[in-house]
Each structure stands twice: as structure tokens, then as C-alpha cells.
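Keep in mind that this is a model prediction, so the values were computed, not measured. Just the heavy atoms: all of them, side chains too, but no hydrogens, waters or symmetry mates, feed the values below. Order of listing sets the numbers, starting from 1, for every ligand and every atom in it.
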Amino acid sequence: MKPKRVIDLTSLLEGQGVSWPGAPFPEVTRAGVLAKDGYNVEVVKFTTHTGTHIDAPLHMLEGRPSIDTLPAEVFVGEGLVLDLRDKKPGETIGESDLEKFKSKIQRDDIVLLCTGWGPKRDFTKEFLFDFPGVNPNGAKWLVASGIRAVGIDTLGIDPYNDTNFTSHKILFQGRQDFWIAEGLTNLEELLSRDRWWIAALPLRIKGASGAEARVVAFEI
Ligand SMILES: [Zn+2]
């Protein structure tokens, strides 16, 4: 069997590319050249929350699971994308924005929030600081809906100015194995249909609060 379509939702991770303001720029350095060394190889250096990545509950709550202890099965499942492209810079995603989609969301879904910020990925004020995050009422609504995970095409799930990361904490205070995907892209390509299969598989780094992932949606 072969999936009918596979859509890559992963941002390009490049040396000196976009990262969270204040975090170091990602580094990708050549450590072997085929003609000279007999192989190509690179050394990389970036935080575990660079580019498209998954947050584990340990990112925000003590004693909760790290990325390596979440079983692979929680990262694969059915999901849907919500069209939130009416959000303007500096606005947040709240209960009233999400309530519109209530009838489409099922328990255990992986819910992807399409804000339209994916294609804006750059060193601009709009992308780095004014992206629409989920506000605390929105986060409570998502927890109450019983979803398994949430993903977004902005730098973070909280708006930039929430330095307490309130929505992260509300989301992680729900189910023990909840995860958040951030820095997604191409979510616009999923809007043509409601439901997709999603695979968002992070690197298995011992004790880490998160890790980079290749995230795809597919139709079977
Ligand atoms: Zn996060």
C-alpha cells in the first residue's frame, strides 16, 4: 500500500536561519567532504526547539515526560487543520475562533492551526514577534475538547508577549502524553480536505524537553 498523497509540513532548517529571538542561530558546519575525506558529513548545533520541532510536557512542567519517553504511537494519528488565516499580526487565537470548528474535532485528534504565518518565515518583526498564538481561553478550550496534540505554523503556541508561557502550561496540564508541534509550514496545502493522517516523529534525545521532527500529513 502506498499513501495517495504525502505533504511535508517541515520548515527548512539551515545554518544562520530563523530561530526563537534570543536563542542562538542554528549552525550547520561541514565536517567531511567526499572528494577529500571519502564521505560528506556535517556537524549541527541548535537548541532542541529550532525550526519544526515537538515540545514534550517536560518543556514547561517538572516531572512530566521528556521527548524520549513519549511512545512513538502518540506521534502518529488522525487529525485535521483549522483555517485561522483571518488572524492579523498581534491578534490571538481564542475560544470563539475554535468553537466554529467544534463539530469537526474528534477526541484524540491531532489539531493543526493554519494561521498563514508559515510562508512568512523570515527575520521580520511580524514573523518573530507579532505571530498569532493561542490565548489561555483557547488553550482551555483545546484541552476540554480531548485532543491528543496541537500544531501551529508560528514560532510558538503562546503569543510572543506571554513570557509566562501560559497556554503551553494549560495544554500540558491536561493529558500526560500531550505534545505541541511548532514551526510548521505548508498547512495551507491541507485546507482542501478536513481530515488527514499525521506523522510528527521527533528525534529521541534522552531527557530532552523537545526535539526537531520531520512532520508530514498523508492521505491513505
Ligand atoms: Zn513550545
Side-chain angles (χ1 to χ4, degrees), residues 9-13 17-26 46-70 74-75 79 81-82 84 87 90-94 98 109-115 117-118 120-121 126-143 145 147-187 198 200-205 207-215:
L9 308 179
T10 318
S11 305
L12 199 61
L13 206 168
V18 171
S19 57
W20 183 262
F25 293 119
F46 36 78
T47 79
T48 47
H49 296 260
T50 303
T52 301
H53 68 277
I54 309 293
D55 288 5
L58 183 66
H59 188 37
M60 293 289 165
L61 298 179
E62 278 183 12
R64 291 295 183 100
S66 52
I67 202 76
D68 55 311
T69 63
L70 290 172
V74 306
F75 296 113
V81 59
L82 311 186
L84 297 159
K87 290 286 132 186
E91 290 185 353
T92 60
I93 298 163
L98 299 167
D109 270 350
I110 296 169
V111 171
L112 305 178
L113 309 177
C114 177
T115 68
W117 252 251
K120 297 181 185 183
R121 190 174 186 83
E126 186 178 6
F127 188 79
L128 297 175
F129 300 103
D130 295 338
F131 57 87
V134 174
N135 66 37
N137 281 334
K140 284 179 197 155
W141 190 94
L142 289 169
V143 170
S145 69
I147 63 169
R148 166 198 300 238
V150 66
I152 194 163
D153 52 4
T154 63
L155 273 187
I157 196 81
D158 273 289
Y160 182 79
N161 59 16
D162 187 349
T163 51
N164 289 319
F165 306 107
T166 313
S167 292
H168 272 89
K169 289 172 187 164
I170 291 168
L171 290 164
F172 286 134
Q173 268 155 1
R175 47 202 291 173
Q176 280 281 333
D177 57 2
F178 198 85
W179 52 268
I180 302 170
E182 295 171 325
L184 295 169
T185 195
N186 278 344
L187 295 185
I198 312 289
L201 296 160
L203 296 178
R204 199 164 179 219
I205 303 172
S209 60
E212 283 63 33
R214 188 83 182 235
V215 180

Centroid-centroid distance, Tyr160 to Trp20, less than 6.0 Å: yes
His53 near the Zn ion (ligand 1) via N/O/S, less than 2.8 Å: no
Name, closest N/O/S atom of Asp55 to the Zn ion (ligand 1): OD2
Backbone N/O of Gly94 and side chain of Asn137: donor-acceptor pair under 3.5 Å: no
Side-chain H-bond candidate by donor/acceptor type, Asn164 with Thr166, under 3.5 Å: no
Name of whichever N/O/S atom of His168 is nearest to the Zn ion (ligand 1): NE2
Donor-acceptor under 3.5 Å (Trp179 side chain, Leu70 main chain): no
Asp158 near the Zn ion (ligand 1) via N/O/S, less than 2.8 Å: no
